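We count ligands from 1, going down the list as the structure has it; atoms in each ligand are counted the same way. All figures in this text were calculated on a predicted structure; none of them were measured in a lab. Worth knowing before you read on, the calculation uses all heavy atoms, side chains too, and leaves out hydrogens, waters and symmetry mates.
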Amino acid sequence: MTIAYLGPSGTFTQAALLQIDPHGTDHLPVSSVPAALAALREGRAKSAVVPIENSVEGGVSATLDAVAAGPEVRILAEMLVPIRFNLVAREPKPLGEVRAVSTHSHAWAQVRQWTEENIPQAEYIPASSTAAGALALSGSGTVGHDAAICAPTISAAHPELAVLAENIGDNPQAVTRFVHLGSADAPLPERTGADRTTLVIPLWADRAGALMEILEQFSTRGVNLSRIESRPTGNYLGDYFFSVDIDGHIQDERVAEALVGLRRICPTTRFLGSYARADRKAAVVAGHHTDGAFTQAREWVSALRTQ
Ligand SMILES: O=C(O)C(=O)Cc1ccccc1
């Protein structure tokens, strides 16, 4: 049961993967989010783990775009990973001597303030992951950077790397949400009462009120949105889709009814899955939005129609 993930070993993505498969041995490290999706879609992996949202920068565009187009995939689970960063180098040295620092772009975005204050002279060299940038320094080969920003687990596993600074994230509370993706025919995760559903909603009609009409489908059924982002489809300038997370499971009547309404007005709406929330926070549901209220009302109408 191969699981592809944004590797190599020591990435935050691997930390997320180890939450769901701590003893697994069939883990396939790949060097980008699209590569993880390709491994899943081409059958080289049964599932994949990728970052989807971080508490500082919002949605991870590479993931939102990769799951919105191409063969359908399903989110099976989500995992939360607290994000802490170390600055490492080949040998101990003053911060003023750091010349070029390498890390993943998400990490760079989350240490911007610290780097501006402490290593303003350093050039940024993008890496395919935090671990890749750091591991390049652990060998003896020539590399273009002399420092890297990575997870503390990398420093622990590679004592040959000198830690120049610890806990350098701008937000000490930073958390990233990762998702475990499977194929579209994977069994639907069971409803737990504290669930999330992720949707891709292309803006079907370019006219006044189109977004309002979409949002109404949720609000009239008491469905709360926990994330909404617009992303360009790439087809032409001004063509957008919405990537949306809602509280609840498709097995909840209020969610199912909202999806029926949504699909009527946006026939290309894509269901990315219903799965347990990592924080186990249950949705707040008013009496007239419970399963019982929906079924009672539907049965009343059915009975009237068959009289
Ligand atoms: O590069 C990594 O370690 C990743 O897993 C991507 C990432 C980078 C920074 C924050 C969250 C995820």
Quick one: which ligand 1 atoms are inside 4.0 Å of a heavy atom on Ser129?
1 (O)
Can you list everything that forms a ring-ring contact (aromatic ring centres under 6.0 Å, His included) with Trp108? Sequence neighbours excluded, please.
Tyr124
Mind checking whether Ala107 has a heavy atom under 4.0 Å from ligand 1?
yes
Decide whether an N or O pair under 3.5 Å exists between Phe12 and ligand 1.
yes
In the protein, what heavy atom is nearest to atom 11 (C) of ligand 1, and what distance, to one decimal place, separates them?
Thr176 OG1, 3.6 Å
Under the ring-ring contact (aromatic ring centres under 6.0 Å, His included) rule, collect the residues that match up with His106, sequence neighbours excluded.
His104
Consider ligand 1: state whether an atom of it lies below 4.0 angstrom from any non-hydrogen atom of Asn54.
no
To the nearest 0.5 Å, atom OG of Ser128 lies from atom CG of Leu6 at 7.0 Å
Atom 6 (C) of ligand 1: which of Leu6, Val56, Thr11 has the nearest heavy atom?
Leu6
Atom 4 (C) of ligand 1: closest protein heavy atom, distance to 0.1 Å, is Thr13 OG1, 3.5 Å
With side chains defined as the heavy atoms from C-beta onward, is the minimum distance between Arg177 and Asp245 less than 4.5 Å?
yes
Atoms of ligand 1, numbered as shown, that sit under 4.0 Å from any heavy atom of His104:
1 (O), 8 (C)
Nearest neighbour in protein (non-hydrogen) for atom 7 (C) of ligand 1:
His106 ND1, 4.0 Å
For ligand 1, does Thr130 get within less than 4.0 Å through its side chain, its backbone, both, or neither, judged by non-hydrogen atoms?
both
Are Asp247 and Lys281 close enough for a salt bridge, meaning some N to O gap below 4.0 Å?
no
In sequence, state the C-alpha distance, the side-chain angles, and the governing distance for Glu229 and Arg227, and then conclude on salt bridge (Lys or Arg N to Asp or Glu O under 4.0 Å).
CA-CA 7 Å; Glu229 273 162 294; Arg227 183 184 59 84; 2.7 Å; yes
Non-hydrogen atoms of Ile154 and Ala131 that approach each other most closely
CD1-CB, 3.7 Å
